[in-house]
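Right, one structure below, let's go through it.
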Protein chains: 2
Amino acid sequence: MKTVRDVATKAGVSVGTVSKVLSNNPTVKPALRDRVLTAVADLGYKPNMAARALRTNRLNILGLVVPDISNPFFAQLAKNIEAEAAQQAHMVMLANSDDDPDVEARQIEGLLAQMPKGLIVVGSVDQSKVSIQTEVPIVSVDRRYGDYKLISADHEAGSALVAEHLFQLGHRRIAYISGPQSTEVGRLRRKGFCDRLQQLALADATMKFQIVEGHFDYASGEDIGRRLLSERAELRPTAIAAASDQQAIGALRVARDLGIDVPTDLSIVGFDDITLANLVVPRLTSVSQNTVEIARMAVRTLLSEKPMPTEDQFVETILCARGSSGAVAIK
Amino acid sequence: MKTVRDVATKAGVSVGTVSKVLSNNPTVKPALRDRVLTAVADLGYKPNMAARALRTNRLNILGLVVPDISNPFFAQLAKNIEAEAAQQAHMVMLANSDDDPDVEARQIEGLLAQMPKGLIVVGSVDQSKVSIQTEVPIVSVDRRYGDYKLISADHEAGSALVAEHLFQLGHRRIAYISGPQSTEVGRLRRKGFCDRLQQLALADATMKFQIVEGHFDYASGEDIGRRLLSERAELRPTAIAAASDQQAIGALRVARDLGIDVPTDLSIVGFDDITLANLVVPRLTSVSQNTVEIARMAVRTLLSEKPMPTEDQFVETILCARGSSGAVAIK
DNA sequence: CTGAAAGCGCTTACAG
DNA sequence: CTGAAAGCGCTTACAG
């Protein structure tokens with residue numbers, strides 16, 4: 001392995017000068033600079049990151065902790081974070097917390113020991129407790145970790161988009177399948193939907209609206225969907241909005257089982273825009289989180305010279321209208 | 001940050017002794033050892049990885065390069081690799097090659113600069129060229145990278161299991177939708193299926209077998225499935241085996257469109273056991289890769305003291321028989 | 001504008 | 001069995 005010494009010898013300068021050239025220190029004369037750069041290229045010199053880290057107390061590394069990388073949403077996030085970090089010449093260390101706060105704490109310690117420039121944490125549980133103490137900058141993404149500032153999709157505004165979408169399609173009997181109200185995401189999505197719908201429907205006496213709380217999974221969507229759709233056609237909802245795509249897809253199946261045509265007799269809308277949303281028949285209308293933008297914000301926040309933000313940051317969502325939602329049937 | 005010096009002072013020993021205790025060097029007397037350990041605990045001392053790396057030329061890090069972490073299979077693999085590495089007190093640096101050999105080369109350089117103990121590479125393209133030179137041990141996983149030894153599922157044996165499964169269910173008119181024969185995986189899966197079927201059917205004059213080459217995606221499965229199933233019931237295949245779950249699911253859809261009942265009138269089998277395989281109706285019979293074992297092998301191979309293996313290693317696959325395959329209808 | 005030197009925190013022969 | 005010392009490759013005041 002080549003070192004700064006080798007480069008210095010070859011270029012006929014001191015190691016200090018080589019170091020200055022490498023760090024783009026402008027006090028080096030162009031002539032010398034070129035000589036050094038040539039030597040670097042000739043020798044195929046690669047700086048030793050460990051030595052650099054030992055001096056500077058920081059490696060060109062970002063740590064990322066997610067509950068489970070095999071969850072497609074977190075995988076998508078990880079991919080975009082890695083891409084953004086790579087653009088800024090940083091590598092990403094990945095750790096899974098397995099949804100366990102203890103594992104999470106250990107993983108964070110392990111990451112911190114590598115002296116990263118910053119840490120991105122998707123909280124393992126709602127607002128996990130934090131025991132670590134560090135000056136390494138940390139941001140929470142998607143789910144808050146401790147008291148660290150959060151960067152996430154604007155769940156509330158996204159759900160409001162769904163409410164508008166359904167209202168504008170003429171639906172007046174609407175059901176909302178919420179997520180667990182013990183989770184921040186579950187609460188925010190529900191609030192966004194309800195608030196907006198209430199605003200819109202204030203003057204409309206024909207409006208019928210019901211909420212059923214569930215889990216975020218397929219089974220929950222099937223259960224609740226079956227209950228909602230077992231009523232007579234004149235009474236049951238003409239539209240179901242769900243807090244997750246899984247729930248929505250569960251409801252979609254039940255509708256098919258019951259012979260209720262989507263979207264003619266029933267509109268269904270999900271949230272998250274998972275890959276599957278685009279593969280079911282009919283394709284599912286859903287709200288897409290802009291993971292590219294979330295990732296970019298997180299990386300830039302950590303790598304910028306500016307002080308850490310003092311407020312949470314929310315990224316706009318996009319409503320992807322597809323085949324599963326349509327205008328209410330005219331009677 | 002505490003250093004070995006602090007620990008040494010507190011324990012009343014030299015830094016060398018502290019270092020020896022930390023590296024479990026058995027030449028330290030138990031009494032001293034305990035004093036050092038106590039001091040470590042009291043001070044909350046954490047070794048500086050960069051300093052250690054500078055001396056030993058190796059960090060407790062494993063590098064992982066995948067084409068695309070948002071591909072569920074690679075995400076699963078990454079998760080298991082991270083878990084196994086964590087067990088051995090190593091962190092994982094993740095990089096995406098984006099299926100581009102140039103990006104791949106750059107990512108590998110970046111990873112190597114961090115002085116990892118080893119590199120796990122899922123090749124970006126079939127047998128990508130290698131320009132890098134390093135003594136860091138490298139293994140290919142799933143798709144070969146350069147000439148490095150491969151650890152992967154036994155695609156051939158897995159496909160043979162499918163052939164047996166269908167034959168034993170009594171199928172004698174069988175179609176195989178292959179993957180691109182330009183890819184190693186495509187070739188191996190096809191070979192495994194054909195060879196085994198030929199063995200089984202040698203004595204059976206009623207056997208009718210056809211192969212159609214396609215891509216690994218849904219569209220390909222739909223296209224080819226439609227062609228295969230457009231014949232009269234007495235002539236068309238009673239079973240379709242596909243080289244991927246996507247193809248199989250595409251065929252499943254076509255069968256539903258054509259009013260052909262699965263599995264009564266047609267059996268369909270996929271490969272890979274993706275999450276979706278368990279979500280379609282009926283659930284898809286498929287071959288599951290043991291990513292836990294693949295991950296374990298890869299990590300252990302890199303971290304073991306033993307010299308790198310000189311042969312490729314294949315991990316057994318499992319046939320998951322589900323609703324989409326059944327005994328051939330008795331006429 | 002350039003160079004010589006100190007030192008980051010650790011490990012490892014080596015001497016005792 | 002333990003300690004003193006050298007040195008890994010780099011960066012950064014400091015002197016010139």
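What you see is a predicted model, and the numbers here were worked out from it, not measured in a lab. Residue numbers start from 1 in every chain, and the chains themselves are labelled A, B, ... in the order their sequence lines are given, proteins ahead of strands.
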How would you give the extent of chain B contacts on DNA chain D, as first and last nucleotide 5' to 3' within a 4.0 Å heavy-atom cut-off?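 Contact boundaries, 5' end first: D:dC1 to D:dG9.
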
Step by step, would you call B:Met115 with A:Asn48 a side-chain contact (heavy atoms from CB on, under 4.5 Å)? CA-CA 8 Å; B:Met115 309 199 196; A:Asn48 181 321; 2.6 Å; yes

Expected output: side-chain [X] to main-chain [Y] donor-acceptor under 3.5 Å:
X: A:Arg58; Y: A:Lys117; value: no
X: A:Asp100; Y: A:Asp102; value: yes
X: A:Ser140; Y: A:Tyr145; value: yes
X: A:Asn25; Y: A:Thr27; value: yes
X: A:Asp34; Y: A:Ala31; value: no
X: B:Glu104; Y: B:Ser124; value: yes
X: A:Gln107; Y: A:Asn96; value: yes

Residue pair B:Lys46, A:Glu109: steps toward the side-chain contact (heavy atoms from CB on, under 4.5 Å) verdict: CA-CA 9 Å; B:Lys46 297 273 182 309; A:Glu109 290 239 331; 3.0 Å; yes

Which residues share a salt bridge (Lys or Arg N to Asp or Glu O under 4.0 Å) with B:Asp273, sequence neighbours left out: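 If we apply the salt bridge (Lys or Arg N to Asp or Glu O under 4.0 Å) test to B:Asp273, skipping adjacent residues, the hits are B:Arg322.
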
A:Glu184 and A:His155: CA distance, side-chain angles, deciding distance, side-chain contact (heavy atoms from CB on, under 4.5 Å) verdict: CA-CA 10 Å; A:Glu184 192 173 357; A:His155 301 290; over 6 Å; no

DNA chain D stem ranges, 3 or more consecutive Watson-Crick or G-U pairs under 3.5 angstrom: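 Result, WC/G-U stems under 3.5 Å: C:1-3 with D:14-16, C:5-12 with D:5-12, C:14-16 with D:1-3.
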
Just do the salt bridge (Lys or Arg N to Asp or Glu O under 4.0 Å) check on A:Arg143 and A:Asp99 with the steps written out, would you? CA-CA 11 Å; A:Arg143 274 148 49 173; A:Asp99 272 308; 3.1 Å; yes

By a strict heavy-atom criterion of less than 4.0 Å, which residues belonging to residues 17-37 of chain B are in contact with DNA chain C?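 Nucleic-acid contacts, sorted: B:Ser19, B:Lys20.
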
With the threshold set at under 4.0 Å for non-hydrogen atoms, list the residues of residues 48-63 of chain A touching DNA chain C in residue-number order.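 Output list: A:Leu54, A:Arg55.
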
Let me see the working for B:Asp42 and B:Lys2 under salt bridge (Lys or Arg N to Asp or Glu O under 4.0 Å), right down to the final yes or no. CA-CA 11 Å; B:Asp42 287 357; B:Lys2 306 296 177 199; over 6 Å; no

Near DNA chain D, which residues from residues 2-13 of chain B have a heavy atom under 4.0 Å away?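 Contacts with DNA chain D under 4.0 Å: B:Val13.
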
Give, for atom CG of B:Leu59 and atom NE2 of B:His90, the distance between the pair rounded to the nearest 0.5 Å.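 Answer rounded to 0.5 Å: 9.5 Å.
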
Could you go through the side-chain contact (heavy atoms from CB on, under 4.5 Å) check for A:Leu62 and A:Leu303 one step at a time? CA-CA 9 Å; A:Leu62 250 30; A:Leu303 259 32; 3.5 Å; yes

